[in-house]
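Below is one structure, written out as structure tokens, with a few remarks after it.
Letters go in sequence order (proteins before strands), and every chain restarts at 1.
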There are 2 protein chains.
Amino acid sequence: MVVETLTNDEIDRIFHALADATRRDIVQRVIHEEQSVSTLARAYDVSFAAVQKHVAVLERAHLITKQRHGREQIVHSDMGTLGRAERLLRQYQDLWAGRASRMDALLAEDDETTTQNDPPSKGPTP
Amino acid sequence: MVVETLTNDEIDRIFHALADATRRDIVQRVIHEEQSVSTLARAYDVSFAAVQKHVAVLERAHLITKQRHGREQIVHSDMGTLGRAERLLRQYQDLWAGRASRMDALLAEDDETTTQNDPPSKGPTP
DNA sequence: CTAACGTACAACCAAATGGTTGTAGAAACA
DNA sequence: TGTTTCTACAACCATTTGGTTGTACGTTAG
């Protein structure tokens, strides 16, 4: 499928998590270096609880994971999810570029026709 | 520079627009074939006004554009924006993959012309 | 001309979002 | 020990979101 192994809900959570500058910045920070939640919180102008919520949103999207270390919760990135999101966007672009026919074949699940390009299916109303 | 010309607000809007399955489906449809808003609306189980709002969200994110044709409003995709979003995600992955040095240089002074994604509030490394 | 269609937009509503403060518990430190 | 630090979570609030319905207006078809 065009959505790989991701469900719609998972994609929703990923893009929603990335639709906030603070959360994107958190992702960037922990990509660069794993940090505790309180260390992250000190970097922003909002309360600790607010940062905690941002981290929770990123965690629900599987963009980061937390690992307890003593009394601290260490946040580190989960690049696999980011990669899947990037690949999803790339697939849209591939569809837009010339590969539309092949993608259509995949989506339509019929590979018998060897015709390479033409507008075959008009309305795939799901 | 390699840097995109996207502001934080624009990135917010792009990812927010993509964080909804109906809107992603609209993007897919109009990538495949340009369609009027009412044609799109017939494909979903919600009201015409709801689809109109979804289209407006996508338009605000510059993922699609509308073009009047008689009494119809034809929706077509704007792949450039999608490409910029995909490249942004890939930059995160490049950062993770080890090309950190160049990204670090970018991130260190990200408030100037870069506008790729600047930290929302406080300084980067206090 | 009249009717139907496609669109725009306002008003309204329930639920989610993003923020706050406050309280409480577990771990580290003096 | 007692205190500070880090985390978790509840309660609350304002704003946004995603949906509805209703109305109005331009355009096309009969």
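- In terms of phosphate contacts, Gln52(A) brings a side-chain nitrogen or oxygen within less than 4.0 Å of OP1 or OP2 of dA8(D).
- In the set dG6(C), dC6(D), dT20(D), the nucleotide with an atom closest to the side chain of Ser38(A) is dC6(D).
- Hydrophobic clustering of Ile, Leu, Val, Met, Phe, Trp and Tyr side chains at less than 4.5 Å, counting indirect connections, keeps Leu40(B) apart from Ile74(B).
- For Asp12(B) and dT17(D), the CG to P distance is 11 Å, given to the nearest whole Å.
- Contacts of Ser47(B) with the nucleic acid, taken as non-hydrogen atoms under 4.0 Å apart, include base atoms.
- Comparing dG6(C), dG19(D), dC6(D) by their nearest atom to the side chain of Arg42(A) picks out dC6(D).
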Can you pull every protein N or O that's under 3.5 Å from an N or O on nucleotides 16-18 of chain C?
{"from": "dG18(C)", "atom 1": "OP1", "to": "Arg23(A)", "atom 2": "NH2", "distance (Å)": "3.3"}
{"from": "dG18(C)", "atom 1": "OP2", "to": "Arg23(A)", "atom 2": "NH1", "distance (Å)": "3.3"}

Intermediate values then yes/no, side-chain hydrogen bond (donor to acceptor under 3.5 Å, both in side chains), Gln73(B) and Gln67(B): CA-CA 6 Å; Gln73(B) 201 76 269; Gln67(B) 185 184 359; over 6 Å; no
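- Residue Ile74(A) contributes atom CD1, which lies 17 Å from atom P of dT5(D) at whole-angstrom precision.
- The stretch residues 47-65 of chain B participates, sequence neighbours left out, in these side-chain hydrogen bond (donor to acceptor under 3.5 Å, both in side chains) pairs: Arg23(B)-His54(B), Thr65(B)-His76(B).
- In this structure, Glu33(A) CD and Thr39(A) OG1 are separated by 9.0 Å, a value rounded to the nearest 0.5 Å.
- Within the 3.5 Å criterion, the main-chain N or O of Thr7(B) finds a donor-acceptor partner in the side chain of Glu10(B).
- Side-chain contact between His16(B) and Phe15(A): absent, with no pair of heavy atoms (C-beta onward) separated by less than 4.5 Å.
- Distance check, rounded to the nearest 0.5 Å: CD of Glu72(A) to NZ of Lys66(A) gives 13.0 Å.
- Between Val75(B) and Leu58(B), every side-chain heavy-atom pair lies at or beyond the 4.5 Å cut-off.
- Separating the CG atom of Leu58(B) from the C1' atom of dT17(D) is a distance of 14 Å, rounded to the nearest angstrom.
- Each of Phe48(A) and Val37(B) has a nearest nucleotide on DNA chain C; the 5'-most of these lies closest to Val37(B).
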Protein proximity profile, nucleotides 22-30 of chain D - base contact B, sugar-phosphate-only contact S, no contact -, cut-off 4.0 Å on heavy atoms: -----BB--
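- Cation-pi contact between Arg29(A) and Tyr44(A): present, with separation from the ring centre below 6.0 Å and deviation from the ring axis of at most 45°.
- In this structure, of dT7(D), dG6(C), dG19(C), it is dG19(C) that holds the atom nearest to the side chain of Ala50(A).
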